[in-house]
Amino acid sequence: MDRFEHYGWPFFEERHRQLAAEADGWIQKKLIEEEDADSICRYFVRELGKAGFLKHCVSATPDVRSIALLREVLAYHHGLADFAFVMQGLGSGPIVLAGTEAQKKAYLPRVAQGETIAAFALSEPEAGSDVAAMTCTATQKGGGWVVNGVKTWISNGGIADFYVTFAKAEAGISAFIVDAKEVDASERIDIIAPHPMATVKFKDSKAELIGEAGHGFKLAMRNLDVFRTTVAGAALGFARRALAESLARAKNRKMFGARLADLQMTQAKLADMATGIEAAALLTYRSAWVKDTKQTRVTREAAMAKMHATEMAQEVVDGAVQIFGGLGVKSGHPVERLYREVRALRIYEGATEVQKVIIARELLK
Ligand SMILES: Cc1cc2nc3c(=O)[nH]c(=O)nc-3n(C[C@H](O)[C@H](O)[C@H](O)COP(=O)(O)OP(=O)(O)OC[C@H]3O[C@@H](n4cnc5c(N)ncnc54)[C@H](O)[C@@H]3O)c2cc1C
C-alpha cells in the first residue's frame, strides 16, 4: 500500500503533496542517535525552523491540512520531531490569534525560525478536563499583570523560553505571555515516552496580557480548533508506521512451514489495521479541509477526528506489538516505542470522553 496514496484525495492540493514528500525526505536525513529528550527536542526545533517547516504552524492563516500532514509524516519517523513541531504552534497560537502587533513581532518570527521555544500552559493539578476549575490567578500590579499558581503536564516545561499561560482575572479566564525567567519549571515529569515536561510554578510572575481580559477560554478553544485535528494527523503517522512494520515482519517471519503473513488470522489483523487507518484519515482530512476551505469552527469534525484517530492508532499499534510477539515488547524496538508514544494522544487536548461530550453537545444543539 502506498503510504502517500491518500494525498491524491480531493481534500488536498498539489502544494500539500509536495510538502508531504519534501518533509518525508527531509526528516529521514535528520534522524539522530538517541540523546536525552530535551536535547532531541531542541535539535528538532532548530532544524525544523531552519528548514522552514515551523512557518506552517506559526501562520496568521494556518492551513490545517498542511499542519496535520506534516504531523503525520514527522510522527511516522520520530515522535519527538512531531512533538517539537506542534508545540511551537500550540504555544504561540494565542499570540497569532489575538496578540498585539508588538507581541507578534517580538515572538512569532523567532518561534517560526526555531530560535525560541514555546509552551502552552492550561492544565493544573485540579483542573485538567475541567478547565473552568482552574485556580491560577492574574492580577494587575504596577501597570502590568502578575500570575500566581501552578500549572502541570506542561509540554516543553523546563526548556521553553516562554509560556502562554491561562489564569483567572477579575473579568474571567485570560491568556498571558510569561517569560521563562519568571517561573519555576524545575519539577520535571517523566512519562512513558520521554518528552520535555514539567510542573510550572508562578509566583508574582510578570505577565503580558494577550487580547482582552476575560477572553482567554475562547482563545484557548479557538487555538484547539486549529490544533485538535492535527493530533489525529500524528495518530495517523504512528498507526501507518505500525502497519508498515507489521507488514514487513509478517512477510519475513517464518512459522508453521509458512510465513506469518500467510496465516488468515494475521491477514484479518492487517485488514482491520489498514481499514481503521483509512477511515480515520478520512475523518481527519475532512475536518482539516472544512476548516481550511469554509473558515468555520470545526468543533464537531475535529472532536470526531481526534477521538476516532487516537483510539484507532492505539488499537493498530497494539496489533503491531502482537504481530511482533516478544520483539514487540523489547525496549527500544520501533513498535515498542510506538506503543509508548501513542498512549498519551487519547488523553491530551481533551480525553476521548471529553470529545464524546463535545460531539453529543453539538448533536443536541
Ligand atoms: C503527554 C501529555 C502532554 C500534555 N501537554 C500539555 C500541555 O502542553 N499543556 C497543558 O496545558 N496540558 C497538557 N497536558 C495535560 C492534558 O491536557 C490533561 O492531562 C488532560 O486534559 C486530562 O486532564 P487530567 O490529566 O487532569 O485528567 P482528569 O481531568 O482527571 O481526567 C481523567 C479522566 O477522566 C475521564 N473523563 C474526563 N471527562 C469525562 C467525562 N465528562 N465523563 C467521564 N469521564 C471523563 C477521561 O478518561 C480522563 O482521562 C498534557 C498531558 C499529557 C499526558
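Just so you know, these numbers come straight off a predicted model, no measurement behind them. Indexing begins at 1, ligand by ligand and atom by atom, following the structure's order.
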Point to revise | Close-range residues for ligand 1, whose non-hydrogen atoms fall below the 4.0 Å threshold | key: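 Lining ligand 1: M87, F120, A121, L122, S123, G128, S129, W153, I154, S155, I191, M197, A344, I347, Y348, E349, A351, E353, V354, V357.
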Point to revise | Residues T352 and E311: side-chain donor-acceptor under 3.5 angstrom | key: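 Distance-only check passes for T352 and E311.
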Review point. Can D272 and K269 be counted as an ion pair, charged N to O under 4.0 angstrom?
Key: no
Counting only pairs under 3.5 Å, give me each side-chain donor-acceptor contact of residues 103-112, with atom names and distances, residues two or more places apart or in other chains.
residue, atom, partner, partner atom, Å
Q103, OE1, T100, N, 2.9
Q103, NE2, E208, OE1, 3.0
Q103, NE2, L209, O, 2.9
R110, NE, T116, OG1, 3.1
R110, NH1, E115, OE1, 3.4

Check your understanding: Do other residues, nucleotides or ligands put more than 12 heavy atoms under 6.0 Å from Q28 CD?
Key ->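 Count over threshold, so yes.
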Which side-chain N or O atoms in residues 153-163 pair as donor and acceptor under 3.5 Å with protein atoms at least two apart or in another chain?
residue, atom, partner, partner atom, Å
N156, ND2, A118, O, 2.9
D161, OD2, I117, N, 2.6
Y163, OH, G158, N, 3.0

Check your understanding: Sequence neighbours excluded, which residues qualify as side-chain hydrogen bond (donor to acceptor under 3.5 Å, both in side chains) partners of E182?
Key -> none
